[in-house]
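Okay, so here's the structure we're looking at.
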There are 2 protein chains.
Amino acid sequence: MHRNDLIPIGTLSRRTGLAVSAIRYYEDRGLVTSIRTGGNQRRFLRSDIRRLSFVQIAQKLGLGLAEIERELAALPRGRTPNVMDWQKISRSLRKEIDSRIQLLTRTRNKLDECIGCGCLSLERCALYNKEDRASAAGPGPRYVLD
Amino acid sequence: MHRNDLIPIGTLSRRTGLAVSAIRYYEDRGLVTSIRTGGNQRRFLRSDIRRLSFVQIAQKLGLGLAEIERELAALPRGRTPNVMDWQKISRSLRKEIDSRIQLLTRTRNKLDECIGCGCLSLERCALYNKEDRASAAGPGPRYVLD
DNA sequence: GCTTGATCTCAAGCTAGCTTGAGGTTGCAT
DNA sequence: ATGCAACCTCAAGCTAGCTTGAGATCAAGC
């Protein structure tokens, strides 16, 4: 509503903790959009602070930028997201966390069995049969939660 | 128990599900070692099947190759690892899983609070508010991430 | 008006973790 | 002894997710 609803990239950087270069990269990737001033400088909406915060949280959960973009697609276009919008998308994220916890728990249980028999690599080991590998595939190197 | 204990890279590939090129890469990285035949072909120990299986499991948990190498350092050198060795290293992996589950659970709880107040997009939300304890750590959604 | 810091574009570089391709050799079955 | 799959090395390429650098422009305080 006021003029100061538009913030330059440096401010967005400070408010999100993201590097300016990262924000520009995200814009290229379509994760966030900006308008330009007469002098061709980017101006973002304040609500983009939250948008990029969401990106960071989702990333920590192991989602790739493409997946995050898909999640963000649930947010309205042309209107600043409201409480309901964020609730909806947050719940989606919660489901993601739940499934990851489940996967880890299953893996842990299987590892427990394998500690018992010391097998770890035997064909019959529950941890390592083909069937299981398919279902457990996904996270990859991005799945680093510090 | 003589020649049979040494396997070529293709066999190791089939037994682990890893690509031949990946195994060679791991050898370059020092995750596994081999001896050479007179014709310069690699020969691995049967126990390397288990070693590489461990690598894959650890990778799924989000560990980088460098970290995995550190874990593997716990295995004996010059002797084929026995059940006890693998039990020990498996337990180490189990701890890793536990801590990841804990982190996810904490994150989920915080996200729940935010769904409860519908705040993920509001300035006063504990997740994003710069003025509360989250801001002490600096900008960005640290409260959820840390 | 001047200076300084913030911003711009575009291209290239970087880490991780591999794969792919070219060109050549080995080893085992027939 | 021959054929061919499996093996070898080395270099380059690929995806993801950015960063860095060059060279230029913009915006704001004094």
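In the text below, chain A, chain B and the rest are named by the order of the sequence lines, each starting its count at 1.
- Residue B:Gln59 has a polar side-chain atom (N or O) positioned under 4.0 Å from OP1 or OP2 of C:dC18.
- Side-chain contact of A:Ser34 with A:Glu27: a donor-acceptor pair under 3.5 Å is present, judged by distance alone.
- Note: CD (A:Glu27) to P (D:dG17) measures 18 Å, nearest angstrom.
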(message) Counting primed atoms plus P, OP1 and OP2 as sugar-phosphate and everything else as base, spell out the protein contacts along nucleotides 20-30 of chain D at 4.0 Å heavy-atom distance: B, S or - for each nucleotide, 5' to 3'.
(response) B-----SS---
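- Side-chain proximity of A:Ala19 to D:dC18, C:dT9, D:dT19: nearest is D:dT19.
- Atom CG in B:Asp28 sits about 16 Å away from atom P in D:dA12, given to the nearest Å.
- Atom CG of B:Leu52 and atom P of C:dC18 are 11 Å apart (whole Å).
- The interatomic distance linking B:Leu31 (CG) with C:dG17 (P) rounds to 9 Å, in whole Å.
- Looking at heavy-atom distances under 4.0 Å, A:Arg29 makes contact with sugar-phosphate atoms alone, never a base.
- The 5' end of DNA chain D is approached more closely, in terms of each residue's nearest nucleotide, by B:Gly10 than by the other of B:Gly10 and A:Ile23.
- Between the side chain of B:Gln41 and the backbone N or O of B:Pro8 there is no donor-acceptor pair closer than 3.5 Å.
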(request) Any chance you could encode DNA chain C as dot-bracket? Rule is Watson-Crick or G-U wobble with both distances under 3.5 Å; [ ] for pairs crossing earlier ones, | for another strand. (result) ||||||||||||||||||||||||||||||
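- No donor-acceptor distance shorter than 3.5 angstrom exists from the side chain of A:Gln59 to the backbone of A:Leu65, with no hydrogens or angles considered.
- Judged purely by atom type and a 3.5 angstrom limit, B:Asn109 has no side-chain atom pairing as donor or acceptor with the backbone of B:Arg106.
- In this entry the distance linking CZ of A:Phe44 with C1' of C:dA6 reads 14 Å, nearest Å.
- The pair B:Arg24-B:Asp28 does not meet the salt-bridge criterion, since no charged nitrogen lies less than 4.0 angstrom from a carboxylate oxygen.
- Residue B:Arg42 places at least one side-chain N or O under 4.0 Å from the OP1 or OP2 atom of D:dT9.
- Considering only side-chain atoms of A:Arg24, the nucleotide from C:dT7, D:dT9, C:dG17 that sits closest is C:dT7.
- Of the possible polar contacts, one joining the B:Glu67 side chain to the B:Gly64 backbone as a donor-acceptor pair under 3.5 Å is found.
- Going from atom OH of A:Tyr25 over to atom P of C:dC14 covers 17 Å, rounded to whole Å.
- Nucleotides of DNA chain C nearest to A:Ile9 and B:Leu65 differ in position, and the one nearer the 5' end is that of A:Ile9.
- Without hydrogens or angle criteria, A:Thr11 side chain to A:Ile7 main chain gives no donor-acceptor distance under 3.5 Å.
- Atom pair B:Leu6:CG and C:dT26:C1' shows a separation of 17 Å (rounding to whole Å applied).
- Under the 3.5 Å distance criterion, the side-chain polar atoms of A:Arg100 are matched with a main-chain donor or acceptor of A:Leu61.
- Listed pair A:Tyr26 / D:dC18 meets the phosphate criterion, a side-chain N or O lying under 4.0 Å from OP1 or OP2.
- Of the possible donor and acceptor atoms, one in the side chain of A:Asn82 sits under 3.5 Å from a partner among the backbone N and O of A:Asp85.
- Annotation: side chain of B:Arg51 is in contact with side chain of B:Trp86 (closest heavy-atom distance under 4.5 Å).
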